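Shown next, in structure tokens, is the structure this report addresses.
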Amino acid sequence: MMNSEDGTGWAGGRGIDDEDYCGGIVSRNSPVGASANTLPPIVPPPWTGDCRCPSRSTNPVGAGLKFEQAMLGPQRARHLLASAGPRRPVRQELVNAYSEVMGAGGWLMNGVPLVIAASGHLIDGRHRLMAAVQANIAFPTLIATGIPEDIVDLPDRHRRRSFAQVLEARGIGHARAVEALLMRLLQHHDGTLGSRHAGQSWSRMERVLRHNPRIIEIAAQPPPAGMPQTLGHMLFFMGGCCDPAALARLMSAFADPALHARDEPGAVLRHALAGPRKDRSANARATRELAFAIIALNAAVQGQAPRRLAWSPGRPLPVLQGYPPLPGADWRDERTPAAGPGGTGAAACGIDVAMVTPAMAAALLESDHGNRQVLLSHVESLARDMREGRWAFNPRPICLAANGRVLDGRHRLRAIIEAGVAVEMPIMRGLPEAAFDTYDRQHGQAPALAEILPGFGDGALLAAMANLLWRHERCPPGSPPGKASAAELRDILAQHPRLAEMRTFARRMVAYATPSALGYAAYVIERENPVQGAAFLARLDGSLAEPPAHPVSRLRRRLLAMRRAGAGREAVLAAVLECFRAGRAKA
């Protein structure tokens, strides 16, 4: 997925670093007008050079995110450049432009970070570093380090993998059970159990896992027979935090109720879970089961003997007595304030990481006066990824001026409102107003497939074909016309491998029409009827000669005429499918 609010770092300038930040927005809209007093009450901390305590080297899930504000000089720039892996070709004109501005002392801190993975590899920022080396000068910048490379998710590098697959790659067993338990614990902490859109960012789940390593052991334990696995793991964790002896009593009675009194809490819980299921959804059922389990565990803690468990949907979830707030669920669990060096125009800047809720996003956008136009298709693309659990942590902050104006990040904020979910994001406050002009203003573009699947050839054509499939088969009804996000393109290519093979046919037909339209049309035709489709495509590309009066011969001439007239892809697609389906109807 491409970000549409990208920036360089010079005052009054404009530019694109297509390796660092690809995409953009075109222009400003009319002022909305608002006061900084409308902002939500997030108090920015003093500048923190290191926003968390370093984790132990034995920690299986790696170190946490660190932000550093620094004057980064040529020597350190060379060191970071040496850590970068193979990348796209350097755009020397950008390096020259950046170098010139740095040399003239016009480079501003604008909150767009250099990003360095926990492994030490440079992920984003190569052109700026090359400019610093070329100008032989230090420049002010924000540096984000310490994010495991398999969970960092920059706007154009969305991962198709689940967090469970990330854990599996690290050698953590029972990864899916670990992911499910983390998700439920965080939903319980946030009060969002039962919500359809209560996904969690990978970075937040990782932080909770780092603070609670016993989750890995708990996920490997089988719950008693008859108890859902995730519910059992929830009880193992929550009960172990408040009263392990009461938990053991509850589980023993649940496992073998015949050996206990009928009003033993564990036996009563087993009877309640075995009752008829009237819940409309799996989420509602899981919430009801957890409510019963908490009531039963409270009874075990208090030594009570309930005859039945009662709880109705819509009521608040019962509170487990003695259960503390979930360690690691909030960013402040990790941050240790430390002084950091100031930079040009950023002496009063502060950065914090917060769960940005839809209400908070709306409050921030109230100060969004004199900003750029909104690209609705891009907002919808971001919102889909947030709703469907594909959004991972992005170290690029929501950037705010000293008066509260949103300088960068408005599309992400609008997507949070559209998706109706809370997303963990860095927020940087106190930036100079002049930084607004350093963010890229060019049109957002679909991601090149080379950025999604490195090493794959013919990426632009395949990305265009996949976008056509998304638009015709997956675009949500009522959504503005747009393009698929990188995560959605990954899903399409994984689920439709034959689509990639059709690009060969599309290239053979390049003289007749836009290759992406013909490639997607060929895929649809073959999918509808493999035998008739193969014969039709062989006639269309000339492999099987037909007389001039044959419908496919007429289609070839029609396509040539449409090509000369500049017909679009939709018209080409409609013409090809119409001819094929008409022939099928006569067969």
Side-chain angles (χ1 to χ4, degrees), residues 52 55 59-65 118 146-148 150-153 159-223 227-242 247 282-283 286-287 289-290 293-294 317 320 323-334 353-355 357 385-394 421-425:
R52 56 159 269 105
S55 58
N59 192 324
V61 291
L65 173 66
I147 307 177
D150 53 7
I151 72 162
V152 66
D153 209 351
R159 310 292 190 188
R160 186 175 59 84
R161 295 174 297 171
S162 67
F163 187 65
Q165 290 171 304
V166 171
L167 297 178
E168 287 172 350
R170 296 178 186 170
I172 295 177
H174 305 278
R176 297 193 182 279
V178 171
E179 180 185 41
L181 177 55
L182 286 168
M183 187 77 72
R184 296 287 289 175
L185 287 172
L186 280 166
Q187 290 171 351
H188 176 264
H189 175 85
D190 296 340
T192 58
L193 276 171
S195 171
R196 293 180 56 195
H197 306 308
Q200 300 294 333
S201 68
W202 293 359
S203 59
R204 195 175 184 217
M205 288 193 288
E206 169 142 342
R207 191 169 63 244
V208 171
L209 185 57
R210 184 165 57 249
H211 279 261
N212 305 275
R214 68 189 185 94
I215 285 177
I216 296 175
E217 300 175 5
I218 289 174
Q221 299 179 29
M227 179 177 289
Q229 177 176 278
T230 303
L231 175 63
H233 291 161
M234 288 279 287
L235 285 177
F236 285 146
F237 181 86
M238 298 173 68
C241 289
C242 59
L247 173 67
N283 275 340
T287 302
E289 290 171 346
L290 180 60
I294 291 175
L317 197 71
L320 179 59
Y323 179 64
L326 179 63
D330 297 315
W331 172 259
R332 290 171 180 80
D333 294 339
E334 300 209 338
V353 177
M355 289 298 295
T357 64
D385 282 348
M386 292 175 182
R387 273 193 302 264
E388 297 168 17
R390 291 190 296 258
W391 184 269
F393 187 80
N394 183 341
V421 299
V423 176
E424 193 171 49
M425 288 186 176

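Just so it is clear, the structure is predicted and the values come from calculations on it, not from any experiment. The first residue of the sequence shown is numbered 1, and numbering continues consecutively from there. Basis for what follows: all heavy atoms, side chains included, without hydrogens, waters or symmetry-related copies.
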Determine the minimum heavy-atom distance between [X] and [Y], stating which atoms define it.
X      : Y      : result
Pro223 : Pro228 : CG-O, 4.1 Å
Ile218 : Phe236 : CG2-CB, 3.7 Å
Gly239 : Leu320 : N-CD2, 4.4 Å

[atom1] of [X] to [atom2] of [Y]: how many Å apart, nearest 0.5 Å?
X      : Y      : atom1 : atom2 : answer
Leu326 : Met238 : CG    : CE    : 9.5 Å
Ile294 : Met234 : CD1   : CE    : 6.5 Å
Met183 : Thr192 : CE    : OG1   : 10.0 Å
Leu181 : Leu186 : CG    : CG    : 9.5 Å
Ile172 : Ile216 : CD1   : CD1   : 4.0 Å
Leu209 : Arg214 : CG    : CZ    : 12.0 Å

So, using side chain to side chain donor-acceptor pair (under 3.5 Å) as the criterion, who are the partners of Asn212 when residues are at least two apart?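 None.
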Write out all pairs satisfying salt bridge (Lys or Arg N to Asp or Glu O under 4.0 Å) with one or both partners inside residues 182-191, taking only residues at least two apart or from two chains.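 Passing the test, one end in residues 182-191: Asp190-Arg204.
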As a quick check of understanding, evaluate side chain to side chain contact (heavy atoms under 4.5 Å, CB included) for Gln229 and His174, giving each step before the final call. CA-CA 12 Å; Gln229 177 176 278; His174 305 278; over 6 Å; no
Would you please name every residue forming a side chain to side chain contact (heavy atoms under 4.5 Å, CB included) with Ala175, sequence neighbours left out?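 Counting only residues at least two positions away or on another chain, Ala175 forms a side chain to side chain contact (heavy atoms under 4.5 Å, CB included) with Ala164, Leu167, Glu168.
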Taking side chain as C-beta onward, heavy atoms only, is Val208 less than 4.5 Å from His189?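 Contact flag for Val208/His189 side chains = no.
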Hey, does the side chain of His233 reach the backbone of Gln221 with a donor-acceptor pair shorter than 3.5 angstrom?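 Yes; at least one donor-acceptor contact below 3.5 Å.
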Would you please name every residue forming a ring pair (Phe, Tyr, Trp, His ring centres under 6.0 Å) with His188, sequence neighbours left out?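 Scan of His188 (ring pair (Phe, Tyr, Trp, His ring centres under 6.0 Å), adjacent residues dropped) gives Tyr323.
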